[in-house]
2 protein chains.
Amino acid sequence: MSFRSAHYTLDAMGIKRLTKQRKAVLEVVRHANNHPDAAWVYQRVRERVPSISLGTVYRTLDALVDDGYLLPLTHSGEATRYEANLDGHLHLVCSKCGEFVDISHPLPDLLSGVKERYPELDIHAVQVEYQGLCQGCRTRLQS
Amino acid sequence: MSFRSAHYTLDAMGIKRLTKQRKAVLEVVRHANNHPDAAWVYQRVRERVPSISLGTVYRTLDALVDDGYLLPLTHSGEATRYEANLDGHLHLVCSKCGEFVDISHPLPDLLSGVKERYPELDIHAVQVEYQGLCQGCRTRLQS
DNA sequence: GTGGTTGCAAAGGCTTTGCAGGCAC
DNA sequence: GTGCCTGCAAAGCCTTTGCAACCAC
């Protein structure tokens, strides 16, 4: 599932009017299994709605982030990518090519201890990011 | 300490020539206890070397990142900040104001399990980032 | 003297924004 | 009909880069 619940509804996303542009952006992001950036989404959406503008894509993605349906992934000097799979927040960021590789691994509870120690903060979530080399870059550097 | 070792030397940082510009950037970053971005470093360095350019600041910071003396912190739509304290990599990123708050808390071993499970990756490090509200924004939103 | 480094300014890339027209409701 | 949404284009911002002059070694 791309979204929080299997029963999400398009119009429950803080979006007032359900235009064909937004429908298309939502569908594209929902079915993306990579970590697309705005330009990638834009390209894909144009196959359906050729007249859509990049600005509209950005506005829609921003709305989805604000409402918690997408997680923005930022990396030094690169375009923001969007993560639609909110179930597990584990990534390897390749220090060579910048790719985000999904990692699925059970994590210990990282929240409650910190919450107890920092009661003055309002901690919502925790994100874990691994740094290293993806498989491609690793073998490329070894050969 | 800002750097890996108390005995680091300036000329051991992959920097060939130790100019006054680089000395100044290194000193400013070393003594910064916030998470400064390039513009902040630039301002501070100009107090010492008024003729320095922003480009030189960026180049020096990039070199420090490449050599592992600084960790870049990126956040959607904001300038890259630099972390000089490499001992613990824990932050809270405030979802309201974007501030990076340092958190010190012992972490369980998050590396070995994932390394075992993904032998095809070359994992160097792991970074943990908390998301929520900093103290200031929390009280501001409650009042 | 040599070649790494600087300052300057321009360019680059990503993202946001103002506005008039359009369309979902 | 109302007001949110769109497309367009320009602007904004952060960052990188080309180049001639400079200076640490």
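We name chains A, B, ... by the order of the sequence lines, and we start the count at 1 in each one. Note: hydrogens, waters and symmetry copies are ignored here, and every other heavy atom, side chains too, is used.
- The CH2 atom of B:W40 sits 16 Å away from the P atom of D:dT15 (whole-angstrom rounding).
- Among the protein residues, A:D37 comes within range of no part of the nucleic acid, since none of its heavy atoms lies under 4.0 Å from any strand.
- Closest-nucleotide positions on DNA chain D for B:R17 and B:T80 were compared, and the one nearer the 5' end corresponds to B:T80.
- The interatomic distance linking A:L18 (CG) with C:dC25 (C1') rounds to 11 Å, in whole Å.
- Atom CD of B:Q43 is surrounded by 12 or fewer heavy atoms from other residues, nucleotides or ligands within 6.0 Å.
- OP1 or OP2 of D:dC4 has not a single side-chain nitrogen or oxygen of A:T19 nearer than 4.0 Å.
- Atom CG of residue B:L71 and atom OG1 of residue B:T80 lie 11.0 Å apart, to the nearest 0.5 angstrom.
- The side chain of A:A38 lies closest to C:dT15 when the candidates are C:dT16, D:dT15, C:dT15.
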Pairs under 3.5 angstrom only: tabulate donor-acceptor contacts from the side chains of residues 108-115 of chain B to other protein residues two or more places apart or in another chain.
residue : atom : partner : partner atom : Å
B:D109  : OD1  : B:L111  : N            : 3.0
B:D109  : OD1  : B:S112  : N            : 3.4
B:D109  : OD2  : B:S112  : OG           : 2.2

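- Classification of B:K20 and B:E27 as a salt-bridged pair fails, no side-chain N sitting under 4.0 Å from a carboxylate O.
- Rounded to an integer number of Å, the gap from CD of A:E78 to C1' of C:dG12 is 15 Å.
- Sorted by residue number, the members of residues 47-59 of chain B with any non-hydrogen atom under 4.0 Å from DNA chain C read B:S51, B:I52, B:S53, B:T56, B:R59.
- Note on A:R22: a side-chain N or O is less than 4.0 Å away from OP1 or OP2 of D:dC5.
- The interatomic distance linking A:Y42 (OH) with D:dC8 (P) rounds to 8 Å, in whole Å.
- Rounded to whole Å, atom P of D:dC8 lies 11 Å from atom CD of A:Q21.
- Just one residue in the list A:R81, A:Q131, A:H35 forms a side chain to side chain contact (heavy atoms under 4.5 Å, CB included) with A:H91, and that residue is A:H35.
- The separation between B:K20 atom NZ and D:dC22 atom C1' is 10 Å, rounded to whole Å.
- Separating the OH atom in B:Y58 from the CG atom in B:D37 is a distance of 7.0 Å, to the nearest 0.5 Å.
- Atom NZ in A:K23 sits roughly 15 Å away from atom P in D:dC5 (whole-Å rounding).
- Summarising the geometry, the separation between CZ on A:R81 and P on C:dC14 is reported as 11 Å, rounded to the nearest angstrom.
- How far CD of B:Q135 is from CG of A:L121: 7.0 Å, rounded to the nearest 0.5 Å.
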